[in-house]
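Worth saying up front: this structure is predicted, and the values here are computed from it rather than measured. Order of appearance sets the numbers: ligands from 1, and atoms from 1 within every ligand.
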Amino acid sequence: MDELTGELALVTGGSRGIGLGIAGALAEGGARVAVVGRDGERARSAAAALPGAGHHGFACDVADGDQVTALAAAVDEAMGGVSILVNNAGVTRDTLLLRMKDEDWDQVMDVNLRGAFLVTRAFSRGMMKRRAGVILNISSVVGLSGNAGQTNYAASKAGLLGFTRSLARELASRNIRCNAIAPGYIETDMTGALDEKQTAALMERIPMGRLGTPEDIAGVARFLAGPAARYITGQVFAVDGGMVM
Ligand code: NDP
């Protein structure tokens with residue numbers, strides 16, 4: 001099924017992990033994909049390896065307003081107007097509150113929350129003109145439940161949910177849908193290798209008894225980006241094997 005044929009998707013942090021999985025699923029659905037990451041070489045090779053043709057990779061730090069403005073111009077020139085935007089780029093700087101440095105707080109907020117704002121502002125303009133679009137924000141179950149040692153990260157991910165719902169209300173009349181996915185524990189570079197004790201402790205909290213994969217998230221992203229989700233906006237989907245319910 002090529003339900004996304006004719007669509008142009010942009011995935012921030014699409015060069016690795018969950019973002020790469022989402023880029024792959026959207027490409028399988030028939031979309032052309034713009035893959036964005038700070039490392040341009042990695043973004044370009046990820047784009048080149050996606051199924052189908054017409055994908056491109058771009059270097060951009062989403063926390064930097066000038067780079068985001070330049071990205072919007074470069075994508076428009078090379079590929080055209082973006083119709084599906086996935087705000088996936090994210091970082092962690094985990095530590096307990098009393099040990100948290102200003103930089104730990106600022107860096108996580110700058111990439112996870114300000115980055116989503118900057119990129120959305122840059123690309124929603126075209127969607128509004130065309131009166132069509134889909135925006136997906138990758139939050140986290142930690143944004144719903146909280147997590148000791150992640151006050152900065154959880155605040156940024158909870159912030160994304162308020163951003164998602166407000167945007168959904170603001171853009172619905174222009175036929176732009178905006179939803180969030182809240183992944184549970186997914187095996188990527190971000191989560192790294194767990195020792196046996198950590199894995200056992202995690203399993204106790206996951207009713208489905210396994211960690212998630214980028215593909216578990218990607219399937220939901222493809223559904224939300226496509227016509228089967230045409231009446232869904234302002235929602236958050238936890239994809240976590242039942243961790244938070
Ligand atoms: P990874 O660390 O594996 O990948 C992060 C991606 O984001 C890379 O492509 C990286 O590319 C890019 N990136 C990081 N910082 C920036 C930046 N400032 N500007 C542009 N791109 C950037 O992360 P995951 O795949 O694990 O996570 C993806 C998203 O899912 C994040 O938002 C994360 O918070 C969220 N999430 C992850 C969970 C998990 O268990 N893994 C659980 C819940 C949510 P480059 O280094 O080249 O910039």
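- Some N or O of Gly13 is nearer than 3.5 Å to an N or O of ligand 1, by distance alone.
- Of the charged side-chain nitrogens involved, at least one lies within less than 4.0 Å of a carboxylate oxygen, so that Glu3 and Arg222 count as a salt-bridged pair.
- In terms of protein heavy atoms, atom 43 (C) of ligand 1 is closest to Pro183 O, 3.4 Å.
- The shortest N or O to N or O distance between Val111 and ligand 1 is not below 3.5 Å.
- Considering backbone and side-chain N/O atoms, Tyr185 never comes within less than 3.5 Å of an N/O atom of ligand 1.
- In terms of protein heavy-atom proximity, atom 36 (N) of ligand 1 is nearest to Tyr153 OH, 3.4 Å.
- Remark: Arg130 CZ is packed, more than 12 non-hydrogen atoms of other residues, nucleotides or ligands lying under 6.0 Å away.
- The nearest pair of heavy atoms linking Ile176 to Ile135 is CG2-CD1, 4.0 Å.
- Counting non-hydrogen atoms of other residues, nucleotides and ligands closer than 6.0 Å to CE of Met190 gives a total above 12.
- Annotation for ligand 1: atoms under 4.0 Å from non-hydrogen atoms of Asp189 are 3 (O).
- Pairing each heavy atom of Ala43 with each of Gly37, the nearest pair is CB-N, 4.1 Å.
- Of the N and O atoms on the side chains of Thr213 and Asp216, at least one donor lies less than 3.5 Å from an acceptor on the other residue.
- Nearest protein neighbour of atom 23 (O) of ligand 1, counting heavy atoms only, is Met190 CB, 3.6 Å.
- Heavy-atom contacts of Thr191 reach the following atoms of ligand 1: 39 (C), 40 (O), 41 (N) (cutoff under 4.0 Å).
- Residue, atom and distance of the protein heavy atom nearest to atom 22 (C) of ligand 1 are Ala89 CB, 3.7 Å.
- Nearest residue to atom 28 (C) of ligand 1 from Asn88, Asn112, Val91 is Asn88 (criterion: closest heavy atom).
- Near Asp39, the atoms of ligand 1 lying under 4.0 angstrom from a non-hydrogen atom of the residue are 47 (O).
- The atoms of ligand 1 that sit less than 4.0 Å from any heavy atom of Gly184 are 38 (C), 40 (O), 42 (C), 43 (C).
- If you look at Cys60 next to ligand 1, the close heavy atoms, those under 4.0 Å, all belong to the backbone.
- Applying the side chain to side chain contact (heavy atoms under 4.5 Å, CB included) test between Met109 and each of Asp106, Leu113, Val111 identifies Leu113 as the sole match.
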Does the side-chain contact (heavy atoms from CB on, under 4.5 Å) test come out yes or no for Val33 and Val11, once each step is laid out? CA-CA 7 Å; Val33 182; Val11 184; 4.1 Å; yes
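- Without hydrogens or angle criteria, Glu204 side chain to Leu202 main chain gives no donor-acceptor distance under 3.5 Å.
- Protein heavy atom nearest atom 19 (N) of ligand 1, with residue, atom name and distance: Val62 N, 3.0 Å.
- Taking each of Val86, Ile186, Asp240, Asn137 in turn, the one with a heavy atom nearest to atom 40 (O) of ligand 1 proves to be Ile186.
- The Gly90 neighbourhood of ligand 1 comprises atoms 31 (C), 32 (O), with distances under 4.0 Å to a heavy atom of that residue.
- For a threshold of 3.5 Å applied to N or O pairs, the pair formed by Ala63 and ligand 1 contains no separation below that value.
- Both the backbone and the side chain of Ile18 come within contact range of ligand 1, each with a heavy atom under 4.0 Å.
- With hydrogens left out, the protein atom closest to atom 9 (O) of ligand 1 is Ser15 OG, 2.8 Å, a heavy atom.
- The hydrophobic clustering, which links ILVMFWY residues whose side-chain heavy atoms are closer than 4.5 Å, places Val91 and Ile22 apart.
- In this structure, of Arg42, Arg38, Glu41, Arg16, the residue bringing a heavy atom nearest to atom 14 (C) of ligand 1 is Arg38.
- Checking side-chain atoms of Thr12 against main-chain N and O of Asn87 turns up no donor-acceptor pair under 3.5 Å.
- With a heavy-atom cut-off of 4.0 Å, Asp61 touches ligand 1 through backbone and side chain alike.
- In terms of polar-atom proximity, defined here as any N/O pair under 3.5 Å, Lys157 does make such a contact with ligand 1.
- For Ser139, every heavy-atom contact with ligand 1 shorter than 4.0 Å involves the backbone, none the side chain.
- Under a 3.5 Å cut-off, the side chain of Arg114 and the backbone N or O of Ala63 do form a donor-acceptor pair.
- Enclosure of atom CG in Asp102 is not indicated, since only 12 or fewer non-hydrogen atoms of other residues, nucleotides or ligands lie within 6.0 angstrom.
- Here Ser166 contributes atom OG and Leu171 contributes atom CG; the two are 10.5 Å apart, rounded to the nearest 0.5 Å.
- Considering backbone and side-chain atoms together, Thr188 places an N or O closer than 3.5 Å to an N or O of ligand 1.
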